[in-house]
Amino acid sequence: MKAHEIASSEVGPEQRGWVLTADLRGKDRKRFLRKGSLIDDAALAEWDRAADVVLHLIEPEAGDLHEDVAGRRLAEAVAGEGILIRPPVQSRLNLAATRKGLLRVDRELLLALNRIEGLTAFSLLDKQPVLPGKIVAGVKTTPITVREELVEEAERLVAEAGHKPVEVVAYEPQRVAVFATEGLNDKMRARFREVVEKKLRWYGSELTDLRFIESDAQEVAATLQEYLDAGAEVIFAAGGNTIDPLDPILVGLQQAEAEMVHFGAPAHPGSMFWVARIGAVPVVNLASCSMYSRSTVADLVLPTIMTGRGIESEDVVQLAYGGVLDREMSFRFPDYDVEEVDEPDEEE
């Protein structure tokens, strides 16, 4: 590209295709053209309206891409499944979720794209639950024109990775069964069921069975087996004493030949958490009937489980970064009262 300083009164057909680096106002003081606009035939036809000022213009050269064109190609390289690319606003293109789901961000791939001169791509944090309409990422080129080979380098990095750096993984309907060993009165049981069902509906899943059983290892094991035989895809185990190796739920898991995926959580509050697995079926701990609460460690793990892709120890380990769950971390939790959002694009 070439940069030029020229009086607006001297602009003519020779400047067709050049780009403004700042807003241009008319003689009436109203905005005539935005920064980043091309001087095209339509603008030239009304150029006598432009104020008499000194302009800084960019003359694109062969191989240069306008910021909107480069930004669109970068956005297409970044945006994976479940994401809509919005039109450019002052050269920034926002990427919005088209569905409720779990935001997944390949941090290293995203950083690699930002190491390419003139290109920027940015996102929310990985593993946030998001709603349709939520802006989850954005892209922008720093210069007004970008060399095409730089955009091609970004496209090559994504192609070599074999996946896009940002996607929204949809939740899959799950058949969920729940048992609790806590002694609860009728009012507390009704409240517990209400909260469980509300959360499951948000994920598009159903509660197939909820039982309040004796705190007995054999009954726990028998209940687990009955749930599995009935086709449960996720099981919640409420209550128990995590620090007691002889707790009936923990012993019952052993009797049911469950595999402990991860014991304990690197988070506070909620460190007394575990998640196990029987075959492919996750068994999620709800210590002290924590499903009464809106924001628990279980609510950080459930979005991953509810995608139907399973749960691994590393999924819990990664809670450590941001594991101090104070009010500032509320954005990490699902909002069970909301189904969609309408986040507008902001003018710069």
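Side chains included, hydrogens not; waters and symmetry mates left out as well; all remaining heavy atoms used. Keep in mind that this is a model prediction, so the values were computed, not measured.
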Same cluster or not: Y227 versus I311, using hydrophobic residues (I, L, V, M, F, W, Y) connected whenever any side-chain heavy atoms lie under 4.5 Å apart? no

Below 4.0 angstrom, N of the basic side chain to O of the carboxylate: do R16 and D40 qualify? no

Is there a chain of hydrophobic side chains (I, L, V, M, F, W, Y, each step under 4.5 Å between heavy atoms) that links L113 to V136? yes

Can you list the residues that meet the ring pair (Phe, Tyr, Trp, His ring centres under 6.0 Å) rule with W202, with sequence neighbours excluded? Y171, Y336

Please examine the side chains of F236 and L210, heavy atoms only from C-beta on, and report whether any two atoms are closer than 4.5 Å. no

Between the side chains of R92 and D345, is the shortest nitrogen-to-carboxylate-oxygen separation below 4.0 Å, so that they form an ion pair? no

Side-chain contact, heavy-atom cut-off 4.5 Å: E67 with P143? no

How many angstroms lie between atom CG of D216 and atom OG1 of T181, to the nearest 0.5 angstrom? 10.5 Å

Does Q174 reach the side chain of Y203, with side-chain heavy atoms less than 4.5 Å apart? no

Determine, for R49 against E46, whether the closest basic-nitrogen to carboxylate-oxygen distance falls under 4.0 angstrom. yes

Transitive ILVMFWY side-chain link F273 to V176, under 4.5 Å: yes

Main chain of L125, side chain of R332: is a donor-acceptor contact present, judged purely on distance under 3.5 Å? no

Using the side-chain contact (heavy atoms from CB on, under 4.5 Å) rule, take K164 and V158 through it: C-alpha gap first, then chi angles, then the decisive distance, then the call. CA-CA 6 Å; K164 304 297 182 75; V158 173; 3.7 Å; yes

Flag side-chain contact, heavy atom, 4.5 Å: L102 against T304: yes

Between D337 and K198, does at least one N-O distance fall below 4.0 Å, as a salt bridge requires? yes

When you measure from the side chain of T141 to the backbone N and O of L119, does any donor-acceptor pair fall under 3.5 Å? no

Option from R31, R29, R34, K30 for which salt bridge (Lys or Arg N to Asp or Glu O under 4.0 Å) with D23 holds: R31

For a 4.5 angstrom cut-off between non-hydrogen side-chain atoms, does V196 reach R193? no

Is the backbone of I135 close enough, under 3.5 Å, to the side chain of E343 for a donor and an acceptor to pair up by distance? yes

Between the main-chain N or O of S8 and the side-chain N or O of W47, is there a donor-acceptor pair closer than 3.5 Å? yes

Looking only at heavy atoms, what is the nearest atom pair of A43 and F32, with distance? O-CZ, 3.9 Å

Nearest heavy atoms of S123 and V166, plus distance in Å: CB-CG2, 4.4 Å

Examine V178 and M188 and state if one hydrophobic cluster contains both, with Ile, Leu, Val, Met, Phe, Trp and Tyr joined whenever side-chain heavy atoms are less than 4.5 Å apart. yes

Using a strict threshold of under 4.0 Å (side-chain N to carboxylate O), is an ion pair present between E76 and R73? no

Taking the side chain as every heavy atom from C-beta outward, state whether V297 and L325 have any pair of such atoms under 4.5 Å apart. yes

Is any side-chain heavy atom of L74 closer than 4.5 Å to one of V146? no

E259/R277 ion pair, N-O < 4.0 Å: yes

Can you tell whether the side chains of E61 and R147 come within less than 4.0 Å, N to carboxylate O? no

Within the structure provided, determine whether I235 and L224 are in side-chain contact (heavy-atom separation under 4.5 Å). yes

Within the 3.5 Å criterion, strictly below it, is a donor on K140 or T120 matched to an acceptor on the partner's side chain? no

Locate the shortest heavy-atom distance separating S91 from D68; write the atom from each residue and the value. CA-OD1, 3.8 Å

